[in-house]
Number of protein chains: 2
Amino acid sequence: MTKRKDDVCEVFCINEGKVASARASMKPDGTVFRLAAVFKVLGDPTRTRIISALLQEELCVCDLACLAGISPSAVSHQLRVLRNMNLVKYRKEGRIAYYSLDDDHIASILTAGLKHVEE
Amino acid sequence: MTKRKDDVCEVFCINEGKVASARASMKPDGTVFRLAAVFKVLGDPTRTRIISALLQEELCVCDLACLAGISPSAVSHQLRVLRNMNLVKYRKEGRIAYYSLDDDHIASILTAGLKHVEE
DNA sequence: CTTACATATGAATACATGTTCATATATAAT
DNA sequence: ATTATATATGAACATGTATTCATATGTAAG
């Protein structure tokens with residue numbers, strides 16, 4: 001196998017035209033990367049469960065820990081990940097932090113995913 | 001910290017009522033798990049790019065390798081992952097395998113995700 | 001001012017995962 | 001038949017990641 005690592009595209013594409021047009025109509029790399037990042041964050045069972053629970057109503061860390069069946073510490077770690085991706089937001093009431101979905105798109109993504117999963 | 005690992009839920013929930021109702025309205029564990037699995041599969045930049053390219057038209061392994069900028073071998077591995085999750089299907093034409101999205105839900109999921117990413 | 005509690009966070013460990021490399025299979029061409 | 005090509009696959013390695021544990025922060029209560 002002596003394919004050169006660079007310019008693989010130019011030389012080894014089978015349908016250069018299709019590749020060129022596909023490339024032209026694709027979202028920019030940054031967008032694809034951020035999209036992947038969002039899906040990756042949603043792609044952990046614990047976090048999916050958390051988001052799924054928050055579809056109904058806001059919940060505090062402890063309650064989410066109950067629902068997910070893991071320690072509050074683990075939930076807190078995961079909530080930070082979700083926060084960093086702008087998937088959840090929270091409000092503080094005393095020492096209790098109530099988390100909720102950050103915007104309506106999140107529910108749409110979940111719903112679309114469920115349609116595929118539930119066939 | 002002397003919290004028992006079992007029955008954490010019963011003892012340490014702050015709002016038992018909210019937790020109970022959230023639990024009742026949540027999808028079964030199996031569904032949540034499969035949903036997470038779908039998102040996890042979509043959560044890799046290479047696979048997101050592949051799916052994104054296939055939104056336009058079917059493409060063969062080599063062309064996808066060009067678009068993703070990785071080896072055909074790596075693409076083939078990823079295509080198997082996507083196949084296992086029923087996200088893509090393929091038809092053979094001679095020795096060339098043309099891949100396409102398996103159903104319309106996939107596009108919906110991508111679109112919903114893009115709305116969040118593009119704000 | 002302590003004490004208790006809800007949450008957050010850093011470090012460490014155990015586990016999963018994506019790519020590469022080598023090789024296999026299958027189909028077309030010579 | 002032999003060679004070239006398109007794809008598939010197994011093993012290995014390197015990297016990433018989710019949980020746990022220990023600890024820190026901040027808030028309410030005694």
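Note that the structure is a prediction, hence the values are computed from the model and not measured. In what follows, chains carry the letters A, B, and so on, assigned in the order in which the sequence lines appear, proteins first and then strands, with residues in each chain numbered from 1.
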Notebook entry, point to check: So which nucleotide from C:dT9, D:dT7, D:dA18 ends up closest to the side chain of A:Gln78?
Noted result: D:dA18
Margin query: Can you measure B:Leu42 atom CG to C:dG18 atom P for me and round it to whole angstrom units?
Written below: 12 Å
Next item on the list: Just compare C:dT9, D:dT19, C:dA28 and give me whichever is closest to any side-chain atom of A:Thr46.
Entry: D:dT19
Checklist line | Length of the CZ-C1' vector between B:Arg95 and C:dA29, whole Å | finding: 7 Å
Check: Closest to the A:Arg80 side chain: C:dG10, C:dT27, D:dT9?
Finding: C:dG10
Notebook entry, point to check: Can you check whether A:Arg47 has a side-chain N or O nearer than 4.0 Å to OP1 or OP2 of D:dT19?
Noted result: no
Next item on the list: Decide, yes or no, whether a salt bridge links B:Asp44 with B:Arg49 under the criterion of side-chain N to carboxylate O below 4.0 Å.
Entry: no
Checklist line | Check: B:Phe39 and B:Ile109 side chains under 4.5 Å, non-hydrogen atoms | finding: yes
Notebook entry, point to check: Starting at CD1 of A:Ile70 and ending at P of C:dA8, how long is that distance when rounded to a whole Å?
Noted result: 13 Å
Next item on the list: Tell me which of A:Glu93 and A:His77 sits closer to the 5' end of DNA chain D, going by the nucleotide each one is nearest to.
Entry: A:His77
Check: Salt bridge check: are B:Arg34 and A:Glu118 linked by an N-O gap of less than 4.0 Å?
Finding: no
Margin query: The side chain of B:Ser76 is closest to which nucleotide in this list: D:dT5, D:dT7, D:dA18?
Written below: D:dT7
Next item on the list: Name the nucleic acid region contacted by A:Tyr98, choosing base, sugar-phosphate or nothing; use a 4.0 angstrom heavy-atom cut-off, strictly under.
Entry: nothing
Check: In whole angstroms, how far is the P atom of D:dA18 from the CG atom of A:Leu82?
Finding: 10 Å
Note to self: Mind checking if A:Ala74 touches a base, just sugar-phosphate, or nothing, with heavy atoms under 4.0 Å?
What the structure shows: base
Margin query: In this structure, how many angstroms lie between the P atom of C:dT19 and the CG atom of B:Leu64, rounded?
Written below: 13 Å
Note to self: Quiz question: by atom type and distance under 3.5 Å, do the side chains of A:Arg83 and A:Tyr90 form a donor-acceptor pair?
What the structure shows: no
Next item on the list: Mark yes or no for a side-chain to base donor-acceptor pair under 3.5 Å between A:Ser73 and D:dC21, with no hydrogen or angle criteria applied.
Entry: yes
Check: Out of D:dA6, D:dT9, D:dT7, which nucleotide sits closest to the side chain of B:Ala97?
Finding: D:dT7
Checklist line | Ion pair B:Glu16/B:Lys18, N-O distance below 4.0 Å | finding: no
Checklist line | Rounded distance in Å - NZ (A:Lys40) to P (C:dT17) | finding: 11 Å
Notebook entry, point to check: Rounded to whole angstroms, how far apart are CZ on B:Phe33 and P on D:dA18?
Noted result: 13 Å
Notebook entry, point to check: Which nucleotide in the set D:dT7, D:dA18, C:dT7 lies at the smallest distance from any side-chain heavy atom of A:Asp44?
Noted result: D:dA18
Notebook entry, point to check: When the distance from CD1 of B:Ile96 to P of C:dT27 is rounded to whole Å, what number comes out?
Noted result: 13 Å
Check: Counting side-chain heavy atoms from CB outward, which of D:dA8, D:dA11, C:dG18 is closest to B:Tyr99?
Finding: D:dA8
